[in-house]
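Since the model is a prediction, treat every value here as computed from it, not as a measurement. Note that ligands are numbered from 1 as they come in the structure, with each ligand's atoms numbered from 1 the same way.
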Amino acid sequence: MSRLVVVSNRVALPGQSMAGGLAVALQAALRERGGLWFGWNGKSVRGPGGNLEQQDEGNIRYATVDLSRADLDAYYNGFSNRTLWPLLHFRLDLVDYDRATREGYRRVNAMFADRLAPMLREDDTVWVHDYHLIPLAALLRERGIGCRIGFFLHVPMPSADLLMAMPDHQRLFSGLYAYDLLGFQTRRDNDRFQSYVRLYGGGEVVGKDLLQAPGGRRFRTGVFPISIDTAHIASQAAAAVNKPAVRGLRTSLEDRLLAIGVDRLDYSKGLPERFHGFERYLQRHPDQKGSLTYLQLAPVSRGEVNEYQMLRNHLEQIAGHINGAHAEPNWTPLRYVNRNFPHATLTGFYRSARVGLVTPLRDGMNLVAKEYVASQDPENPGVLVLSLLAGAADELREALLVNPHDLDGVADAIASAAAMPLARRKERWHAMMEHLRKHDINAWRKDYLSALESA
Ligand code: ADQ
């Protein structure tokens, strides 16, 4: 088996808790075959940046670089988060395009390639993650690297007409042609990319998921829906109900049901729409009044980007408005908390909730939806209300699927979930859980790597 090299914007260094299934899955893959994990170490420095640090643990080498303040601003806060993130989430209205940040993005990718190329061996398998690093393979190829390089896009791939609206789109997206395998979360993402290549990207689709770049280089695409460590989360959740934080939450509910939402504070997650959907539920279902409390956990992310600050203010306003209009002296309908929690505690929260609210406007996959399902008590499972616009909706067909823009629909789904009889809840949950047991995070990385290695 060849050595695995993982490249991602952030690296989970030994001892650092980068909670989340992805870090765990990649670590397991690296441990299995021995390998290297390369990326940014999260530090920004006054000088020029690009200083390499290396450390070994077992058969894994961690090689990380720091970034200058200016590069971090241009590459990460700028082009990645203010240009690509909104574009890839279908939000042309929020795209902030600037040639200076575009060049900063290329500069950092080129610096990554400069540092990484000398560490690579001919028979390595390189796996690059996400939209921060689109040009990396092409830049490595320019530096003489011939080994297998794959890419996985964690976020959606939007329609061809949106991609082509970005200035200089061909220069950026044709960088993807230097990979051997492009992995997407859903069939729709895969197909939208192929139509971009055909319509505006100058390439051709020459077979099923086989593409050809101008000049003749061939590469593959494929669908690899990311998942979670299902068995681990299920046992974590069962144990977590005894944690003080989880008990405290349960006690505080008195005998009310709980609806829970857990999202990074991001405009793609549809939080204002969800709050309004909940308000609509309170208005349309007065018979359920006072019987359900909605807890929204939304840790602040990308706090340096203006849109995120505005979103935060907006949500505080809506939450205040809803509680002002509907609260009782002994009941607050909406609890809104901007904090991170240990992952194990989260699973206990999920398990305590009769309703899981996952209603993004666009999401590559949405792991919270899967975590919510995996955390349920088999004897008394809750109901997932899931946006049709999340990648997870392609797999979790037994959720109550909603369009997040349809507030009445969201409101009615909350009411149905709250009132659903046990037998129907169990039926729906079993079907989804069976799927998640089979298609867990380990299956995901094995499928991807075997496709890359046979590409
Ligand atoms: P994200 O946009 O970050 O990921 P998601 O898939 O939901 O979205 O993953 C979020 C993770 O953060 C989950 O594991 C969740 O438990 C954790 N989390 C959220 N709020 C938390 C809190 N308050 N405290 C602690 N942990 C919290 C991107 C894409 C997704 C895609 C993933 C993986 O946007 O569409 O599913 O990558 O590919």
Going by the order shown, which atoms of ligand 1 are within less than 4.0 Å of some heavy atom of [X]?
{"X": "Val262", "value": "19 (C), 20 (N), 21 (C)"}
{"X": "His343", "value": "14 (O), 16 (O)"}
{"X": "Gln185", "value": "31 (C), 38 (O)"}
{"X": "Trp85", "value": "34 (O)"}
{"X": "Gly364", "value": "35 (O)"}
{"X": "Val368", "value": "7 (O), 15 (C)"}
{"X": "Ile226", "value": "33 (C), 38 (O)"}
{"X": "Tyr350", "value": "16 (O)"}

Requested in this report: Answer yes or no for Tyr131: is there a heavy-atom contact with ligand 1 below 4.0 Å?
Outcome: no
Requested in this report: State if Trp444 counts as touching ligand 1 under the rule of any non-hydrogen atom under 4.0 Å.
Outcome: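 No, that is not the case, since the closest heavy atom of the residue is not under 4.0 Å from the ligand.
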Hey, do the aromatic rings of [X] and [Y] have their centres closer than 6.0 Å?
{"X": "Phe275", "Y": "Phe278", "value": "no"}
{"X": "Tyr267", "Y": "Tyr308", "value": "yes"}
{"X": "Tyr75", "Y": "Trp40", "value": "no"}
{"X": "Phe184", "Y": "Phe193", "value": "yes"}

Query raised in the report: Side chain, backbone, both or neither: which part of Leu346 has a heavy atom under 4.0 Å from ligand 1?
Result: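 Under 4.0 Å from ligand 1, Leu346 contributes side-chain atoms alone.
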Query - Enclosure of Glu434 CD (heavy-atom neighbours >12, cutoff 6.0 Å) - result: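 No, CD of Glu434 has 12 or fewer neighbouring heavy atoms, counting only those of other groups under 6.0 Å.
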Should [X] be counted as touching ligand 1, given the test is an N or O pair under 3.5 Å?
{"X": "Lys269", "answer": "yes"}
{"X": "Phe341", "answer": "yes"}
{"X": "His154", "answer": "yes"}
{"X": "Val155", "answer": "no"}

Query raised in the report: In terms of the angle between their ring planes, are His129 and His154 parallel, tilted or perpendicular, with boundaries placed at 30° and 60°?
Result: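 The arrangement is tilted - the two ring planes meet at 30° to 60°.
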Query raised in the report: Do the rings of Tyr196 and Tyr200 sit parallel, tilted or perpendicular, given the 30° and 60° boundaries?
Result: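 Rings of Tyr196 and Tyr200: tilted, as their planes differ by 30° to 60°.
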Report task. Under the side-chain hydrogen bond (donor to acceptor under 3.5 Å, both in side chains) rule, what do Asp161 and Ser159 come out as? Steps first, then yes or no, please. Result -> CA-CA 5 Å; Asp161 283 296; Ser159 322; over 6 Å; no
**Report entry** Short N-O contact, Asp394 and Arg187, less than 4.0 angstrom
**Finding:**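 Not counted as a salt bridge, because no side-chain N and carboxylate O are separated by less than 4.0 Å.
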**Report entry** Arg220/Asp180 salt bridge by N-O under 4.0 Å criterion
**Finding:**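 Answer for the salt bridge query: no.
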